[in-house]
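A short write-up of the structure that comes next.
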Protein chains: 2
Amino acid sequence: MPRAATTSDPFNAIAEPRRREILTLLAAEEWPVADIATELAMGQPSVSKHLRVLLDVGLVEVRREGRQAFYRTNPMQIKAIHDWTSRFEQYWTGQLLRIKARAERAR
Amino acid sequence: MPRAATTSDPFNAIAEPRRREILTLLAAEEWPVADIATELAMGQPSVSKHLRVLLDVGLVEVRREGRQAFYRTNPMQIKAIHDWTSRFEQYWTGQLLRIKARAERAR
DNA sequence: ACAACCTATGCCGATAACGGAATATGTCAA
DNA sequence: TTGACATATTCCGTTATCGGCATAGGTTGT
C-alpha cells in the first residue's frame with residue numbers, strides 16, 4: 001500500500017520539490033498559471049496538476065478572472081506544518097545550547 | 001517520473017504519517033525498535049524500514065548497544081523543515097492580523 | 001459563430017512506495 | 001557451538017505518483 005494521497009495530506013503535498021517551488025513563488029503575490037510555468041521552466045499541464053493538488057489540501061487559493069486563474073499561497077495551511085515542527089523546538093534549542101556550551105569550554 | 005526518493009529528501013520522509021508518529025515518540029527519549037513497534041502497534045520489519053528511511057535523511061540517530069538499537073529523533077533536521085516553513089511566517093501573521101482587525105470592526 | 005487564448009483533465013509508460021511474510025545478520029548466554 | 005533474541009533486509013503484489021502529449025472546457029474578441 002502506498003502512502004496517504006497527496007490530495008488529503010498537506011505534508012505529502014509539500015513532499016514534492018516542484019510544489020515547494022510553486023509555494024515559494026506564490027507566497028508574496030498571486031500569479032497566473034502560464035507565468036508560473038514560464039518562471040519555473042515547467043510544462044503548463046504539469047503546473048496545473050501541481051496546483052490542483054495544492055488546492056485540494058488548501059495550500060493555495062484561486063481567483064478566476066476571465067480565462068485566467070490567479071493562484072496564491074494560503075499561508076495558514078503552511079502554518080499547520082510549521083506548528084507540527086514546533087513541537088520539536090524545545091529539543092533542538094537544547095541541542096544548540098549544548099553545542100554552544102561545548103564550544104565555549106573548548107576555547 | 002515519481003517524486004524524489006524518500007531517502008534523500010526530509011520533506012518526503014516526513015510525508016508518511018507513520019514516520020511522523022515515530023518522530024514524535026522518539027523526540028523526548030531514545031527507544032529500542034521492539035518497543036516502538038509495540039507502542040505504535042506496527043510490525044517490527046515495518047518499523048525498521050521506516051527507521052531506515054529516517055536515518056538516511058538524518059531525522060533520527062542510533063545508538064547500538066549489544067543486540068539492541070536505540071533510536072532518537074535528531075531535532076536539528078526537523079529544524080530544517082521548520083525553517084523552510086518560517087519563510088511564510090510574515091504572510092500568515094499578516095493574515096491573522098487582518099482577521100483580527102475585521103473581527104474588531106464587526107463588534 | 002469562429003478562432004485565438006488560457007487553463008484543466010485524461011491517458012500513457014516508467015518508477016518509487018507501502019505492507020506483510022520470510023529470511024538474513026548480528027549478539028548474547030549457557 | 002547451539003539456541004534464543006533483537007534488528008535489518010529481501011522479495012512480492014498492489015497502488016500512487018510523475019512528466020509528456022493530446023485534448024477538452026471555458027472565455028474573449030472579431
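All chains are named by letter (A, B, ...) in the order of the sequence lines, taking the proteins before the strands, and each is independently numbered beginning at 1. Keep in mind it's a predicted model, so treat the numbers as computed, not measured.
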* Is Leu96(A) reachable from Trp84(B) through a run of hydrophobic residues whose side-chain heavy atoms are each under 4.5 Å from the next? -> yes

* Asked: Which of residues 26-43 of chain B sit near DNA chain D, with a heavy atom under 4.0 Å from it?
  -> Pro32(B), Val33(B), Ala34(B)

* Asked: Can you tell me if the side-chain N/O atoms of Arg18(A) get under 4.0 Å from OP1 or OP2 in dC18(D)?
  -> no

* Report yes if a side-chain nitrogen or oxygen of His50(A) is closer than 4.0 Å to either non-bridging phosphate oxygen (OP1 or OP2) of dG19(D); otherwise report no. => yes

* Provide, to the nearest angstrom, the distance between the CG atom belonging to Leu54(A) and the P atom belonging to dT17(D). => 13 Å

* To do: Please name all residues satisfying side-chain hydrogen bond (donor to acceptor under 3.5 Å, both in side chains) with Lys79(A), sequence neighbours left out, ordered by chain then number.
  => Asp83(A)

* Are OP1 or OP2 of dA8(C) and a side-chain N or O of Tyr71(A) less than 4.0 angstrom apart? -> yes

* To do: Please state how far atom CG in Leu51(B) lies from atom P in dG19(C), giving the value in whole angstrom units.
  => 12 Å

* Asked: Should Arg52(B) be listed as having a side-chain N or O under 4.0 Å from OP1 or OP2 of dT9(D)?
  -> yes

* Asked: What's the CD-C1' distance between Gln44(B) and dT10(D), to the nearest Å?
  -> 13 Å

* **Separation of dT7(D) C1' from Ile22(B) CD1 (nearest whole Å)** => 14 Å

* To do: Just compare dC18(C), dT7(D), dA21(C) and give me whichever is closest to any side-chain atom of Lys49(B).
  => dA21(C)

* Asked: Are Leu25(A) and Phe70(A) connected in a single hydrophobic cluster, I mean Ile/Leu/Val/Met/Phe/Trp/Tyr linked by side-chain heavy atoms less than 4.5 Å apart?
  -> no

* Is Ile22(A) linked to Val62(A) within one hydrophobic cluster, defined over Ile, Leu, Val, Met, Phe, Trp and Tyr using a side-chain heavy-atom separation of less than 4.5 Å? -> yes

* **dT7(C) OP1/OP2 closer than 4.0 Å to side-chain N/O of Ser48(A)** => no

* **Under the salt bridge (Lys or Arg N to Asp or Glu O under 4.0 Å) test, residues paired with Glu61(A) that sit two or more places apart** => none

* Between dT7(D) atom C1' and Leu55(B) atom CG, what is the distance in whole Å? -> 13 Å

* To do: Quick one: list whatever passes salt bridge (Lys or Arg N to Asp or Glu O under 4.0 Å) with Arg87(B), sequence neighbours left out.
  => none

* **Residues in contact with DNA chain C, drawn from residues 61-70 of chain A - heavy-atom cutoff 4.0 Å** => Arg64(A), Arg67(A), Gln68(A), Ala69(A)

* Asked: Sequence neighbours excluded, which residues qualify as ring-ring contact (aromatic ring centres under 6.0 Å, His included) partners of His82(B)?
  -> His82(A), Trp92(A)

* Can you find a pair of side-chain heavy atoms, one from Leu51(B) and one from Leu26(B), that are under 4.5 Å apart? -> yes

* Is the closest side-chain heavy-atom distance between Val47(B) and Val33(B) below 4.5 Å? -> yes

* Could you check how far CG of Asn12(A) sits from P of dA17(C), rounded to whole Å? => 11 Å

